[in-house]
Structures are given as C-alpha cells and as structure tokens.
Amino acid sequence: MTPAELSEALHAVLTAAVADGAVTLSADDVPSSVAVERPRQREHGDWATNVALQLAKKAGVPPRGLADVLAERLRSVPGVAAVDVAGPGFLNISLDTAAAGGLARTVVEAGAAYGTTTALAGERVNLEFVSANPTGPIHIGGVRWAAVGDSLARILQAAGADVTREYYFNDHGAQIDRFARSLLARAKGQEAPEDGYGGQYIADIAAQVLADAAAAGETDPLTLPDPEAQEAFRRRGVELMFGEIRAKLHEFRVDFDVYFHEDSLHESGAVQKAVARLRELGHIFEADGATWLRTTEFGDDKDRVIIKSDGTAAYIAGDLAYYLDKRERGFDRAIIMLGADHHGYVGRMMAMCAAFGDTPWTNLEILIGQMVNLVKDGEPVRMSKRAGTILTIDDLVDAVGVDAARYALARSSTDSMIDLDLDLLARATNENPVFYVQYAHARTVNVGRNAADLGVRREDGFDPSLLDHATESTLLALIGDFSRVVAQAAELREPHRVARYLEELAGAYHKWYDQRRVTPFGDEEVGDVHRTRLWLNDATRQVLANGLGLLGVGAPERM
RNA sequence: GCCCCCGUAGCUCAGUGGAUAGAGCAUCGGACUUCUAAUCCGCAGGUCGCAGGUUCGAAUCCUGCCGGGGGCGCCA
C-alpha cells in the first residue's frame, strides 16, 4: 500500500463518516485530499495524519473525539494493521507487513516512472535561468542557477508539467559594448577600459577573432576605423563567448530548449508592439522626453522609463516584449530565476505583468536566490570583472567534479547564502554528502550482482510479509514517500528537498544493509526471504537512481 | 530611510502550525576470517538571535528590536 492509497482510504473514511452523519461537516469543509506524513518518531507508526486536529473546530467536536471516529472506521480498511489516537488528536497508522512490503514490487515494476505524478499536469511552464551575459565565463553565482534551475526543470517534469528551459541571451546594450571595447583594447595591446572586462579570456577571444578573420580572408579588424573594428569584435566575440558558455553548461549537463536573443526583440519590432499594447491599455505616459510605464498603479514604488529620452529602449523594454512573447507562445507560467542582486526588479516585473492584464505570481513567477560566497583561508574571496579575477564554472568543476558541484549547489535552500570554502572543496571531497548517496546506490547494484551470482532471482518469489524488520518498515515508508517529496519540491520550486530526501533514504538503506542480508549466508539455501529482500534492494536502487536523476547527478554502479 | 533573504549543536545546514527540534562533518568510544567499513552502532553537544503577540499547540505566522548579506538608475 502506498501512502497515496492510504490517503485515499482516509479520504473515503472521512467522506463516509460525513455522509452517514457520524461527523457533522459541510461539504466545503471536507478537504479534497488528506495529508499523510511520516511521523517523526518511529514508534508512532508508519504513517500519521493530523486531519482530526485540523477539522475538529469546523466539526464542532474535540480533536480526539473526531480522531476516535475516524480511527474506528480506518481499522477495517484492508492492509491497515493498527490505528492509534495519540497526543492532541493525531492518527498514528501502522500497515500490515505484507501490505507495506507490497510497495517494493510496485516500485520495481514502475521503474523510472516511479515518483512521477500528475500534480502539475497540463501546466505549460517556461523556466528561464542562468541567462548570464555573454561578456565572460559563467561565474560561480551563475553556476548555482544552472544546477538548481536544471534540477527544478526535471522535477517539474516529473510532476507532470510541460517544461521549456530557456536562456535569455543579453546580446544588446551597453554591457555588450563594453565587452567589444575591451576586446578591441586588448587586441591593440591596451589595458581594459575603466568600465570594461579583463582577464585572460578577453585576450584569448581577441586573438581568436583576429585569427578567424585572417583565416576567412577578411580585412584585419585592427586596420579598420574604431567603430567598425569594435563592431567586428562585438559580433564575433559574442558568438565565441556564447559558444563557450553553451559548451560549459553542456559539460555541466545543462542544456536549454531555447536560447532567446534579446537583440531579436528589438529588431523584430516586438518591443514596439509590447509598448503599443500597453499604450492601448492606458498604462503609458510621456514625461521629460521619455516614455514611461505607470507601474505604480500595480504596486511598484515608482514609475519606470521604458523608452529613454534619447530614443533608445531601457532594459525593461526588452523584458516587456520578452514576457509578452512567452505568453503568446502559450506558456501559462513564466518562471524566472534571478540572483538576490536583482530582487529590486521583482516589483516592476510584477507590475508589468499586471499591466498586461495577467495575474502576478501566477502567470509570472520570479524566484530569488541568494548569492554564493567564496571563502579561502577564512576570508571572503574578492572578485572583479575588470581585473578578471572571477571564479568560473571551470574552477568549481575542476575542484570537485560535476556530480559533487551540482549536488552541493542543489542541496541547500536558495533562500540561504552558500559559503563555498575552496580549500575544503579541493582537499576533502569525501565530506560531500553526494558520496554517501552515490555509495548507497553503488551498494544496491553490487548486492544485485552478488544475488545474481548466487541464483537469487526476483521472479522466483516475493513474500512481502517477510519484510518484518524495523529497518525494513522504515525503508519502505521512505520509499513510499518519494512521490510526495517530488510533488512538493515541484510545487514549492525547491529542488533541495529531493537531495535531503535522498540522504535520508541512503541512510535507511545503509542501516538495512547492516542488519539484513540479501544473499544466502554460507551454504544456506536460497529462499523467498532472499528473493523478497532483493525486491526491496532493487526498489531502493530505483528510487535512488530516479532521485539522483532529478538532480542531474550520476548514479554510479561501482565506487 | 525603504525593500528582500538569513540568524537552529563547535562547523555546514534541514525542518513552509504539530508529538521528546534533526542530519552530515568535526571530537570521543565500539563493530569487518562471508553482500563494498565511502558503512554501521554508541557517547557528547541546543535559552531555535532577543522581546512581545496570535491559539489547543510556534523554530515555523504577526509586530518591534539586534546582528549578517543583498538591493533601491532615463545601467544592464
């Protein structure tokens, strides 16, 4: 019996009690589903629900009284072994050993699909993340979004959503101009401009631009007048930089469905179209020679310029058009992941959303994640784009590898700042919990290999009533909780919940492994107990593999 | 001044109104002549920043302080 089935049984019991008058509750007050959770204390049973506590007031009875009514009825549900009313009115539920153990077979048979739900079925989600400017390599903060964003995409998909991963490519505007000037300056052997970019990569790209031009038989850009030379460096430099970013992200196992060019919004007239739409809706006004969007009407703290007095578009103009474009492409939800340094942008974006007649935080969702700090020798590491002293995706991956890097970045709530200690990462990679989880997976595979060698085969028998050890009920309960964890991680947009769950599952597996053998001991004959444990072993492997897959982390077969 | 995030064990962090607040790492003590010891078992470690409030119940929600980080452009 899965927790979902138990939840349905509880709901049925509650509905029946209301129907025959045992519980007085209006139809509106009967929840559509009853939450079933694993109790903190193992002695409290396999599953627990606080539904009686939550409905007692509405039903006009003491919580324990309501709990008693539900408990009595629940006891007659097949597979339920015991129901206790505890504390202020919790229902503590224990399952029949066989009913609980049946889950092992369910999971093995579901395979890679185990854990997927229809929680977000029918939702078309556009998930935009990273979107780093192509003016330099992806720095350490951007890597956090790569890891978290990609995992979130996988988790949303597991919850049934239709997800498009999107990268907004800022190839328009002043920062790109600075990048081009920096390339040109370096090619001429000059220092980076005051507001420009430094670092070895600038020199490399500048040299590559010159080499490419020579190879193509084009005019040496350095012989052109500055504006034309800068344009040559801009066009080719951005291409090279962006190609490198894509390649690095791919190595990090992050690939996007759509790379959207900001420039295209300005060239296609999409910006003008968006502004025209807002003007029709009456939210545009002219002042001081500029064109403004009256965002204060929708909760922003000041109105925003969208077309500057010099006639060029402000940055937000691109975002207006981009948002409209996403909506016109059929996405119900545009989710954007931004760093804490952009949180001030949320108010105007939501106002913009409302100005289009949409619903903020429904059609548009902005996830703000805190910064990643680097620490070395106990001191924060200072990074400067101009000096080129930025830490990149490569620095992190070189230090710990893709698996450990992705896991370390995805296992913390994005509300928390992360301090990455470079010395620690470089020397003590075994302190990373990812190895604990991966080792558990490798162990399940190894156990499977040994079982096969000794002739223990799943198809020869399965008797779930033999899974009667305390470590087995704990392991089964955790395995059963996986779908709920994934669905919750999807709904809350919190991939770290999957990582924490896997650590708990791995721990439960290691403890079980320590207590129960799958393969026969000595010359013991192969029996159903071994075969049934193999089902449980393989079910655990499946969940570990599925969970690691949601994080984009490998599930090694040997370690 | 205003806005956002954080403050929980020595350290890094889980815990979005529930039961005796948890894990990893670090320290100390145990367990491999039979599935991988990258594991397991045990000891120790806490005024959940402080003070009020909301209620059957608060680490969690509200208010005010204190401390840390970030943000408040016709920059992008």
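Small disclaimer: the values here were computed from a predicted structure and weren't measured. Lettering of chains follows the sequences in order, A, B, ..., and the numbering in each one begins at 1.
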For [X], which contact category applies under a 4.0 Å heavy-atom criterion: base, sugar-phosphate, or nothing?
X	answer
A/Asn170	nothing
A/Ala290	base
A/Ile368	nothing
A/Glu557	base
A/Ala440	nothing
A/Ser413	sugar-phosphate
A/His44	base
A/Asp523	nothing
A/Ala56	nothing
A/Ala451	nothing
A/Met559	base
A/Gln488	base
A/Arg497	base
A/Asp310	nothing

Whole-Å [atom1] distance, [N] and [M]:
N	M	atom1	value
B/rC6	B/rG15	C1'	15 Å
B/rA44	B/rG10	P	15 Å
B/rU16	B/rG73	P	36 Å
B/rC25	B/rC62	P	35 Å
B/rC48	B/rG22	P	14 Å

(message) Any carboxylate oxygen within less than 4.0 angstrom of a Lys/Arg side-chain nitrogen, looking at A/Arg541 and A/Asp538?
(response) yes

Between [options], which one does the side chain of [X] approach most closely?
X	options	answer
A/Pro39	B/rA38, B/rC35, B/rA19	B/rA19
A/Gln175	B/rC74, B/rA76, B/rG69	B/rA76
A/Asp415	B/rA38, B/rC74, B/rC5	B/rC5
A/Asn50	B/rC74, B/rG18, B/rA19	B/rG18

Distance only, no hydrogens: is a donor on one side chain within 3.5 Å (strictly under) of an acceptor on the other, for [X] and [Y]?
X	Y	answer
A/Tyr322	A/Glu166	yes
A/His44	A/Asn92	no
A/Glu503	A/Tyr407	yes

(request) Classify the angle between the aromatic ring planes of A/Tyr167 and A/Tyr259 as parallel (below 30°), tilted (30 to 60°) or perpendicular (above 60°). (result) tilted

(request) Please state whether the rings of A/Phe169 and A/Phe242 are parallel, tilted or perpendicular, taking 30° and 60° as the class boundaries. (result) parallel

(message) Let me spell it out: for each of A/Ile316 and A/Tyr439, pick the nucleotide of RNA chain B with the closest heavy atom. Which residue's pick is nearer the 5' end?
(response) A/Tyr439

(request) For A/Lys511 and for A/Gly344, locate the closest nucleotide of RNA chain B by heavy-atom distance; then report the residue assigned to the nucleotide nearer the 5' terminus. (result) A/Lys511

(message) So which atom in A/Tyr501 and which in A/Leu478 form the shortest heavy-atom distance, rounded to 0.1 Å?
(response) OH-O, 2.5 Å

(message) Distance check needed: B/rA14 C1' versus A/Leu502 CG, whole Å only.
(response) 14 Å

(request) Would you kindly give the OH-to-P distance between A/Tyr345 and B/rC5, to the nearest whole Å? (result) 20 Å

Does [X] make a side-chain N or O approach to OP1 or OP2 of [N] shorter than 4.0 Å?
X	N	value
A/Lys302	B/rG73	yes
A/Lys57	B/rU55	no
A/His342	B/rC72	no
A/Arg411	B/rG24	no
A/Ser416	B/rA14	yes
A/Arg443	B/rA37	yes
A/Arg516	B/rC35	no
A/Tyr436	B/rA37	no
A/Tyr315	B/rA76	no

Hey, is the side chain of [X] pairing donor to acceptor with the base of [N] inside 3.5 Å?
X	N	value
A/Asn432	B/rA38	no
A/Glu491	B/rU16	no
A/Ser412	B/rC13	no
A/His343	B/rG71	no

(message) Should A/Phe90 be counted as stacked on B/rA19, where stacking needs a ring-centre gap under 5.5 Å and an angle between planes under 30 degrees?
(response) yes

(message) Looking at B/rU34 and A/Phe521: do their rings stack (centroid distance under 5.5 Å, interplanar angle under 30°)?
(response) yes

(request) Examine A/Arg443 relative to A/Tyr509 and say whether NZ or CZ is less than 6.0 Å from the centre of the six-membered ring and inside a 45° cone about the ring axis. (result) no

